[in-house]
Chemist: 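What follows is a structure written as structure tokens; I'll ask about it next.
In this chain, residues are counted from 1 in sequence order.
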Amino acid sequence: MDFTEKPISSKEVFDGHLINVEVQQVKTPEGNIAQREIVHHAPAVAILAITNDNKMLLEKQWRTPVAKTTLEIPAGKVDSRDQASADHAARRELNEETRLQAGKLEKLSSFYTSVGCMDEYMTLYLATDLSPVANALPKDQDEELVVKKVSLNEAQAMIASGEIEDAKTIMAIYYWQGMRANG
């Protein structure tokens, strides 16, 4: 069966700093007319940063959409400074947010963050052999972060208790758990 929906019309309803929103009228394969609301977001990166003493870095920060403080792995969007390179964005974000650099940066996976309404495509990296940066990049003016180090057991407990609710962070912790289980 062909699942492709055919756009009939499209209208940009919001053009913002972080996202753009488009409303489409589409014709489904069955011939029905439906409305699709699409959030367009730049590609993004997330970093599972493991310290030399085998702890992961988490960032505590306020997130307005959920109106609370969250714990997340370092992350950010690929922007003009990166010339479309997710690797560059991962190294830049690690520097900006944690003041660390990775001796080894390995791509783990790429995925859509919320396919029901958003086109954001994120690449998850594993950063190891961490050391302080020689040249710290400017932090984003609108971000207030506190970096925290936790063990795998602590991170798993934080998922179980609901302290960590962010999907990319949970995915990274489960990857780390699998990595440890496989030696």
Side-chain angles (χ1 to χ4, degrees), residues 18-19 39 41-79 82 86-134 136-183:
L18 184 61
I19 62 166
V39 176
H41 189 284
V45 295
I47 305 108
L48 170 58
I50 306 293
T51 63
N52 296 337
D53 61 348
N54 207 32
K55 301 224 170 143
M56 77 178 296
L57 299 181
L58 291 173
E59 297 173 347
K60 191 172 194 174
Q61 64 183 312
W62 178 260
R63 292 297 196 179
T64 299
V66 293
K68 63 181 171 180
T69 303
T70 63
L71 284 169
E72 304 171 41
I73 57 177
K77 66 182 180 174
V78 179
D79 65 27
D82 305 310
D87 286 11
H88 185 275
R91 290 185 186 282
R92 179 182 52 73
E93 289 290 343
L94 193 61
N95 178 322
E96 287 176 8
E97 296 184 358
T98 70
R99 301 301 190 214
L100 296 172
Q101 61 188 351
K104 183 176 180 192
L105 186 70
E106 175 187 352
K107 178 182 170 183
L108 300 178
S109 182
S110 293
F111 52 94
Y112 289 102
T113 60
S114 185
V115 295
C117 66
M118 183 179 279
D119 66 0
E120 180 183 37
Y121 194 67
M122 183 171 278
T123 302
L124 176 63
Y125 289 90
L126 173 63
T128 54
D129 190 22
L130 301 176
S131 63
V133 296
L137 297 172
K139 294 184 179 215
D140 289 345
Q141 296 276 325
D142 63 347
E143 285 184 331
E144 309 246 349
L145 307 171
V146 173
V147 177
K148 175 177 184 160
K149 290 197 253 183
V150 299
S151 69
L152 177 58
N153 287 341
E154 290 169 319
Q156 291 166 322
M158 294 165 100
I159 292 171
S161 72
E163 191 174 354
I164 294 176
E165 299 176 293
D166 175 64
K168 69 184 174 296
T169 303
I170 293 170
M171 179 179 173
I173 292 166
Y174 287 153
Y175 179 87
W176 189 22
Q177 177 182 326
M179 208 172 80
R180 296 273 304 271
N182 295 323

Chemist: Is the backbone N or O of A102 less than 3.5 Å from a side-chain atom of R91, with the two atoms forming a donor-acceptor pair by type?
Modeler: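 Checked: pair present.
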
Chemist: Closest approach of A172 and L48, non-hydrogen atoms and distance?
Modeler: O-CD2, 3.5 Å

Chemist: Less than 4.0 angstrom from a charged side-chain N to a carboxylate O is my criterion; do R63 and E72 meet it?
Modeler: yes

Chemist: Would you say R99's side chain and L137's backbone share a donor-acceptor pair under 3.5 angstrom?
Modeler: yes

Chemist: If I compare all heavy atoms of T169 with all of I73, which pair ends up nearest, and what's the gap?
Modeler: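 Minimum heavy-atom separation between T169 and I73: OG1-N, 3.0 Å.
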
Chemist: Verify, without hydrogens or angle tests, whether Y112 (side chain) and E120 (backbone) share a donor-acceptor contact under 3.5 angstrom.
Modeler: no

Chemist: Measuring only between side-chain heavy atoms, which start at C-beta, is Q177 closer than 4.5 Å to L152?
Modeler: yes

Chemist: Pick out which of H88, E93, K77 makes a side chain to side chain contact (heavy atoms under 4.5 Å, CB included) with V45.
Modeler: E93

Chemist: Give, for atom CD1 of I50 and atom CG of L57, the distance between the pair rounded to the nearest 0.5 Å.
Modeler: 8.0 Å

Chemist: Minimum heavy-atom separation for S110 to Y121, with atom names?
Modeler: CB-OH, 3.2 Å

Chemist: To the closest 0.5 Å, what do you measure between CG (L58) and OG1 (T70)?
Modeler: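 Spacing of CG (L58) from OG1 (T70) equals 10.0 Å.
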
Chemist: Ignoring hydrogens, what is the shortest heavy-atom contact between I47 and A127? Give both atom names and the distance.
Modeler: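 Closest approach of I47 to A127, heavy atoms only: CG2-CB, 3.5 Å.
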
Chemist: What distance do E106 atom CD and D87 atom CG have between them, rounded to the nearest 0.5 Å?
Modeler: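 If we round to the nearest 0.5 Å, E106:CD and D87:CG are 11.0 Å apart.
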
Chemist: M122 and side chain to side chain contact (heavy atoms under 4.5 Å, CB included): which single residue from M171, H41, K168 fits?
Modeler: K168

Chemist: Counting neighbours of NZ on K149 that are heavy atoms of other residues, nucleotides or ligands and sit closer than 6.0 Å, is the number greater than 12?
Modeler: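 It does not: K149 NZ has 12 such atoms or fewer within range.
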
Chemist: Nearest 0.5 Å please: distance from the CD atom of Q101 over to the CG atom of L94.
Modeler: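 Result: 8.5 Å between the selected atoms.
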
Chemist: Going by the rule side-chain contact (heavy atoms from CB on, under 4.5 Å), which residues pair with A155 if we only count those two or more places apart in sequence or in a different chain?
Modeler: M56, V150, I173

Chemist: Looking at V78 and A86, what are the two nearest heavy atoms and their distance?
Modeler: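 Heavy atoms only, the tightest pair is CG2-CA, 4.1 Å.
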
Chemist: Kindly indicate, with the supporting measurements, whether the criterion side chain to side chain donor-acceptor pair (under 3.5 Å) is fulfilled by T51 and D53.
Modeler: CA-CA 5 Å; T51 63; D53 61 348; 2.3 Å; yes

Chemist: Which is it for K107 and T123 under the side-chain contact (heavy atoms from CB on, under 4.5 Å) test, yes or no, and what are the steps along the way?
Modeler: CA-CA 7 Å; K107 178 182 170 183; T123 302; 3.8 Å; yes

Chemist: Please give me the minimum heavy-atom distance between Y125 and A90, naming the atom from each residue.
Modeler: CD1-CB, 3.6 Å

Chemist: Name all residues meeting the side-chain hydrogen bond (donor to acceptor under 3.5 Å, both in side chains) criterion together with T128; count only those two or more places apart in sequence or in a different chain, and write none if there are none.
Modeler: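 T128: no side-chain hydrogen bond (donor to acceptor under 3.5 Å, both in side chains) contacts found.
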
Chemist: Do E96 and D140 make a side-chain contact, defined as non-hydrogen atoms from C-beta onward lying under 4.5 Å apart?
Modeler: yes

Chemist: Run the salt-bridge test on R92 and D79 with the 4.0 Å N-O cut-off and return the result as yes or no.
Modeler: yes

Chemist: Could you check whether any side-chain heavy atom of L145 comes within less than 4.5 Å of a side-chain heavy atom of K60, counting everything from C-beta outward?
Modeler: no

Chemist: Given side chains that start at C-beta, do those of E143 and E97 come closer than 4.5 Å, heavy atoms only?
Modeler: yes

Chemist: Okay, side chain of T98, backbone of N95: is any donor-acceptor separation there less than 3.5 Å?
Modeler: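 Side chain of T98 to backbone of N95: no pair is present.
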
Chemist: Less than 4.0 angstrom from a charged side-chain N to a carboxylate O is my criterion; do E165 and K68 meet it?
Modeler: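 Salt bridge flag = yes for K68 with E165.
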
Chemist: Stepwise, does the side-chain contact (heavy atoms from CB on, under 4.5 Å) test hold for Y175 with I170?
Modeler: CA-CA 9 Å; Y175 179 87; I170 293 170; over 6 Å; no

Chemist: How long is the straight-line distance from CG of L105 back to CG of L108, given to the nearest 0.5 Å?
Modeler: 9.0 Å

Chemist: Please determine whether the number of non-hydrogen atoms from other residues, nucleotides or ligands lying under 6.0 Å from atom CD of Q61 exceeds 12.
Modeler: yes

Chemist: Side chains of Y174 and I159, heavy atoms from C-beta outward: is any pair under 4.5 Å?
Modeler: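 A side-chain contact under 4.5 Å exists here.
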
Chemist: Indicate yes or no for a side-chain donor-acceptor contact from S151 to the backbone of E154 under 3.5 Å, with no hydrogens or angles considered.
Modeler: yes

Chemist: First locate atom CG of D119, then atom OG1 of T113, and finally report the distance between them rounded to the nearest 0.5 Å.
Modeler: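 Rounded to the nearest 0.5 Å, the CG-OG1 separation comes to 8.5 Å.
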
